[in-house]
Novice: 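Can you read through this structure? Questions will come right after.
Source: prediction; values computed, not measured. Each chain gets a letter, A, B and so on, in the order the sequences are listed, and its residues count up from 1.
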Amino acid sequence: MSLVLYNTLTRQKEPFETLTPGQVKMYCCGVTVYDYSHLGHARCYITWDTVRRYLMWRGYDVHYVQNFTDIDDKILNRAKNDGSSMQTVAETYTQAYFEDMERLNVLEADEYTYATQTLDGIQRLISELEQKGYAYPANGDVYYAVRKFDGYGKLSGRKLEDMLAGAGGRVATDTGIKRDPADFALWKGAKEGEPFWESPWGPGRPGWHIECSAMIRDRLGDSIDIHMGGSDLVFPHHENEIAQSEAATGHPLSRYWMHNGMVNVGGEKMSKSLGNFTTIRQLLGEPEQLIGEGDPTVPMSPMALRLFFLQASYRKPVDFTQGAIVAAQGSWATLNSALLFGSKHGSKLGWSDVKDSDFLNPAAMRIDRESAQVQQFQTAMDQDFNTAGALAVLFELAKELNRAGNLITHAGEADTSSNILRQQWQTLVCLAEVLGLKASPENSTEADGKLSDEQVEAMIEQRQAARAAKNFAESDRLRDELQAQGITLIDKPGGVTEWHR
RNA sequence: GGCGACAUAGCCAAGUGGUAAGGCAGAGGUCUGCAAAACCUCCAUCCCCCGGUUCGAAUCCGGGUGUCGCCUCCA
């Protein structure tokens, strides 16, 4: 049984074979840091974080590199608007990106690269392309001569002739400088007042596509295993990367190319240019705000957002709607309460290690890799990272654990043995970890520390008295008041009322 | 105009030849002063439409219809 993944380059699923056995070199196209990240970015980096986590779980030694585009016209424009500098804008939104990703439980890359720190590599690569006849200077710019590269179009499956035929007037505008309208800039000469770097072609800044080619070469070598990014990058960005890198090195840039589907709103792609985007922090609330989950100003928890994306196939577009938020929140509540099973019921089940520091640490858990659940999980994930199929395993475990937990709470004991529950719980925690899902703290514990047990008991007594006097309005009022504090009452036969937070 | 993707229950969604996973929501029952909680049970004769191949198709082939993406910055 082996891992199979969909390769955009060949348009089919292929068995995963690395260049070096047991090692994976992967590169992900990062963000251009000129604004807060939106849900499209969230999906992208959650997707590749999950792929990375799964490859690690499968035993691969993974080296994951991601870039920040911190030289770009949009950053420049933003700086002009804000009366700021390109560097300040870039640093602000790079920091914001890290904050957002941390909340979404996206692991940090092994290495981050920045265009501003790759100028040498970029210039070396452009020089090389120039020497080999793939690049030519013009008016202070340097362009890549697309027609010199035989494989141009192999990733996106298009022919130059087709593209130009249908593109209308859009590509014809700057033909005065370019030799061919499809040629793209490797280096852009600086205009008056723009930041610049010195180069053999005069002061200027790198084009967008060249930085990825240079960074990959610098950090990972001529060929890598997986290159990934949003499906909107297939053309021209990734196509151009291939043209640049392969013309220079003579080796395939990447063995596999993977692309995630877009996030849609009302059936249309979420994007900056359409203005229909929701930023991650708009949806989740500002990161510095510490708000209880019951607070209506926080409509979605980070893990629910992550789960929302994982419930769909990473390659298909997803529609982001209010209904989707609600459904994902509900789904997450189910998984979350099961993930908390150990902390909540472990001591009642006689687990002696509940207080150990590693009790909740999946890395310290020994689960049975041969168990039916783990095998089902792996079979799903091996099939091009079928996270939706994998989640079915988690939900089955979660439903059983929640049922057992409810029995413990309401009946005093579960009808499943402590050992089996422990195995199920640890399996759930470990598999959830592979998908980057981790328990959020119980919503009531912190927020409702105001009421002591004694106060609760006192109120229950008052309510019992009201009930005895058939003053149900008063008894219901007391129940509601307690419920508002996160305390649930359970009336049992015989006039006994139990409660839990 | 060129290239490509998708169409499965109220909603989301897995499944690529062997008779429809899972989630959300919903319904009924037990219980209850009511409500809530809990537990039990139910929820696609069918996979956009029309043909074809096959013992057998949501799954393969042909033809439609619809939606979306890329071809300009984009995750």
Novice: Rounded to whole Å, how long is the line connecting atom CZ of A:F235 with atom C1' of B:rC71?
Specialist: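 In whole Å, B:rC71 C1' lies 6 Å from A:F235 CZ.
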Novice: Kindly point out which of B:rC39, B:rG2, B:rA75 is positioned nearest to the side chain of A:R158?
Specialist: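 Selected nucleotide: B:rG2.
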Novice: In terms of side-chain heavy atoms of A:H410, which of B:rC34, B:rG22, B:rA38 is nearest?
Specialist: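 In terms of side-chain proximity for A:H410, the closest of B:rC34, B:rG22, B:rA38 is B:rA38.
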Novice: Just to be sure I understand the rule, does A:G261 reach a base, reach only the sugar-phosphate, or reach nothing, if contact means heavy atoms closer than 4.0 Å?
Specialist: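 Base contact.
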Novice: Identify whether any heavy atom of A:H38 sits under 4.0 Å from a base atom; if not, whether one sits that close to sugar-phosphate; answer base, sugar-phosphate or nothing.
Specialist: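 Since a base atom lies under 4.0 Å of A:H38, the category is base.
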Novice: Between A:Q322 (CD) and B:rG10 (C1'), how many Å, whole number?
Specialist: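 Rounded to the whole Å, the gap is 17 Å.
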Novice: For A:K272 and B:rA75, is the shortest distance between a side-chain N/O and OP1 or OP2 below 4.0 Å?
Specialist: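 For B:rA75, OP1/OP2 do not have a side-chain N/O of A:K272 under 4.0 Å.
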Novice: Regarding A:R281 and A:E99, does a basic nitrogen lie under 4.0 Å from an acidic carboxylate oxygen?
Specialist: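 Answer for the salt bridge query: yes.
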Novice: Taking a pair as Watson-Crick or G-U wobble with both distances under 3.5 Å, which nucleotide is matched to B:rG51?
Specialist: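 Result: B:rC61.
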Novice: Would you indicate what A:F308 reaches in the nucleic acid, counting non-hydrogen atoms under 4.0 angstrom: base, sugar-phosphate, or nothing?
Specialist: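 Nothing, no nucleic acid heavy atom in range.
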Novice: Give the ring-plane orientation class for A:H345 versus A:F341, where under 30° counts as parallel, over 60° as perpendicular and anything between as tilted.
Specialist: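 A:H345 and A:F341: tilted rings.
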Novice: With sequence neighbours left out, which residue pairs that include part of residues 312-337 of chain A fulfil the salt bridge (charged side-chain N to carboxylate O under 4.0 Å, His left out) condition?
Specialist: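 Qualifying pairs: A:R315-A:D384.
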Novice: Between A:D110 and A:R219, is there a side-chain N and carboxylate O pair less than 4.0 Å apart?
Specialist: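 A:R219 and A:D110: not salt-bridged.
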Novice: On RNA chain B, does the nearest nucleotide to A:V393 precede the nearest nucleotide to A:G230 from the 5' side, or the other way round? Give the residue.
Specialist: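 Its nucleotide being nearer the 5' end, the pick is A:V393.
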Novice: Suppose you measure atom C1' in B:rG28 against the same atom in B:rA20; what distance do you get, rounded to whole Å?
Specialist: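 Going atom to atom, C1' in each nucleotide, I get 24 Å.
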Novice: Does B:rC3 have a Watson-Crick or wobble partner in any strand here, with both distances under 3.5 angstrom, and which is it?
Specialist: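 Paired with B:rC3, as far as the under-3.5 Å criterion goes, is B:rG69.
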Novice: Which word best sums up how the rings of A:H38 and A:F277 line up, parallel for under 30°, tilted for 30 to 60°, or perpendicular for over 60°?
Specialist: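 Rings of A:H38 and A:F277: tilted, 30 to 60°.
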Novice: Say you pick atom P in B:rC70 and the same atom in B:rA25; how far apart are they, in whole Å?
Specialist: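 The answer is 33 Å between these two P atoms.
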Novice: Go through B:rC39, B:rG22, B:rC70 for me and flag the one nearest to the A:L407 side chain.
Specialist: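 When the side chain of A:L407 is considered, B:rC39 is the closest of B:rC39, B:rG22, B:rC70.
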Novice: When you measure from the side chain of A:Y45, which nucleotide among B:rC24, B:rA75, B:rC71 comes out closest?
Specialist: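 The listed nucleotide nearest to A:Y45's side chain is B:rA75.
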Novice: Give the rounded distance in Å between these two atoms: CZ of A:R315 and P of B:rA7.
Specialist: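 Value for this atom pair: 11 Å.
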Novice: Give me the distance, rounded to whole Å, that separates B:rU59 from B:rC48 when you measure between the P atoms they each carry.
Specialist: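 Looking at atom P only, B:rU59 and B:rC48 are 8 Å apart.
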Novice: Parallel, tilted or perpendicular, judged at 30° and 60°: which one describes the rings of A:W257 and A:H227?
Specialist: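 It falls in the parallel class, under 30°.
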Novice: Would you kindly give the CZ-to-P distance between A:R477 and B:rG33, to the nearest whole Å?
Specialist: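 In whole Å, B:rG33 P lies 21 Å from A:R477 CZ.
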Novice: Are any of the side-chain nitrogens in A:E400 or A:R403 under 4.0 Å away from the carboxylate oxygens of its partner?
Specialist: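 Between A:R403 and A:E400 there is no salt bridge, as every charged N stays at least 4.0 Å from the carboxylate O atoms.
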Novice: Can a side chain N or O of A:K399 be found less than 4.0 Å away from OP1 or OP2 on B:rC24?
Specialist: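 So the side-chain polar atoms of A:K399 do come within 4.0 Å of the phosphate oxygens OP1 or OP2 of B:rC24, strictly under.
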Novice: Looking only at side-chain N and O atoms, does A:S271 come under 4.0 Å of OP1 or OP2 in B:rC73?
Specialist: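 No.
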Novice: Between B:rG69 atom C1' and A:M270 atom CE, what is the distance in whole Å?
Specialist: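 Taking CE of A:M270 and C1' of B:rG69, I get 15 Å after rounding.
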Novice: Report the residue (A:R43 or A:R479) whose heavy-atom-nearest nucleotide on RNA chain B is the more 5′ of the two.
Specialist: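 Looking at the nearest nucleotide for each, A:R479 comes out on the 5' side.
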Novice: Nearest whole angstrom, please: distance from the P of B:rC73 to the NE2 of A:H41.
Specialist: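 So the two atoms are 15 Å apart, to the nearest Å.
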Novice: At 4.0 Å (heavy atoms only), tell me whether A:T321 reaches a base, stays on the sugar-phosphate, or touches nothing.
Specialist: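 A:T321: no heavy atom of the nucleic acid under 4.0 Å.
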Novice: Under 4.0 Å, counting only non-hydrogen atoms across every strand here, what does A:R403 touch: a base, just sugar-phosphate, or nothing?
Specialist: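 Sugar-phosphate, backbone atoms only, no base.
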Novice: With rounding to the closest Å, how many angstrom separate the P atoms on B:rA44 and B:rG10?
Specialist: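 Going atom to atom, P in each nucleotide, I get 11 Å.
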Novice: Identify whether NZ of Lys or CZ of Arg in A:R78 sits under 6.0 Å from the centre of the six-membered ring of A:Y34 and within 45° of that ring's axis.
Specialist: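 Relative to the ring axis of A:Y34, which defines the angle, A:R78 lies outside at least one limit.
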Novice: Return the pairing partner of B:rA25 with a 3.5 Å limit on both distances, Watson-Crick or G-U wobble; otherwise return none.
Specialist: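 Checking every strand shown, B:rA25 finds no partner, since no pair has both distances under 3.5 Å.
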Novice: Roughly how many Å apart are B:rG15 and B:rC6, using the P atom of each and rounding to a whole number?
Specialist: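 11 Å, rounded to whole Å.
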Novice: Taking the side chain of A:N406 as heavy atoms from C-beta outward, which of B:rC39, B:rC70, B:rG4 is closest to it?
Specialist: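 So the side chain of A:N406 is nearest to B:rC39.
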Novice: Once you apply a heavy-atom cut-off of 4.0 Å, does A:G330 come out as touching a base, just sugar-phosphate, or nothing?
Specialist: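 Touches sugar-phosphate only.
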Novice: Going by the salt bridge (charged side-chain N to carboxylate O under 4.0 Å, His left out) test, which pairs reach into residues 258-280 of chain A, not counting sequence neighbours?
Specialist: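 Residue pairs passing salt bridge (charged side-chain N to carboxylate O under 4.0 Å, His left out), neighbours aside: A:D232-A:K269.
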Novice: Walk along nucleotides 13-18 of chain B from 5' to 3' and tag each nucleotide B, S or - by protein heavy-atom contact under 4.0 Å, base first, then sugar-phosphate.
Specialist: SSS---
